[in-house]
Amino acid sequence: RRLAKNREAAKKSRNRKKHYLEFLEKKVAALSETACSLRQQMLKKPKKESLRDAVIGGEDLESSVGKFQEKLEQTCFQRKDHIEFLVDEVVRVMIPSHAKLLLKSVEETEVEVPELSPQQLATIKELQPVIAQEQSRLQEIVDELSSTKQDILDLLDWAACIPKELRKFMTPQQT
């Protein structure tokens, strides 16, 4: 009786091992097929063109430089717009609207601020030197941001001109 149970358990163990090996073999076959199809897709996928590859491949250098120039100009244009937007947003958000209203009320006595009591307005007038000092600091920051923005825009303009400069060094055989 005990021998029969052992034989039965061994038989079940062999069957489990056999099924597990079959499962693993199927999985290996499926993964191999997937890897093969991915390799085929990579081979069919067009490689990103570089100027060097185009020249080595015998493509006309002039047309390669033209393509490069188009892509670069488009990218520079998008980045310039993005930088201008970001700097303008920083400047716009840097001073909250209520602070702008307070600054204006201090600078111009004709501006009435309905939410403020006369006592609050008097306190603002007392703090006018501090407010003016903070306003000048903010203006310095805005000026620095504007200067940085202009430097970045100038660099992007320069980058967009690189292909034009490259053409100056091309020989007539290369064009």
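If you're wondering where the values come from, they're calculated on a predicted model, not measured in any experiment.
Applying the side chain to side chain donor-acceptor pair (under 3.5 Å) criterion to Gln78, with sequence neighbours excluded, gives no partner residue. Remark: His19 pairs with Asn15, Glu22 by the side chain to side chain contact (heavy atoms under 4.5 Å, CB included) rule, at least two apart or across chains. Residues meeting the side chain to side chain donor-acceptor pair (under 3.5 Å) test with Asp143, sequence neighbours left out: Gln139.
Pairs passing the salt bridge (charged side-chain N to carboxylate O under 4.0 Å, His left out) check and including a residue from residues 145-157, sequence neighbours excluded, read Lys80-Asp157, Asp88-Lys149.
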Show every donor-acceptor pair shorter than 3.5 Å between a side-chain atom in residues 1-14 and any protein atom, with sequence neighbours excluded, or say none if there are none.
none

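In this structure, NZ in Lys26 is found 14.0 Å from CG in Leu31, a value given to the nearest 0.5 Å. Here the CG-CZ distance, from Leu21 to Arg16, works out to 13.0 Å after rounding to the nearest 0.5 Å.
With side-chain heavy atoms closer than 4.5 Å counting as contact, directly or through intermediates, the hydrophobic cluster containing Phe23 also holds Tyr20, Leu24.
Under the 4.5 Å side-chain criterion, counting only non-hydrogen atoms from C-beta, Thr75 is not in contact with Leu156.
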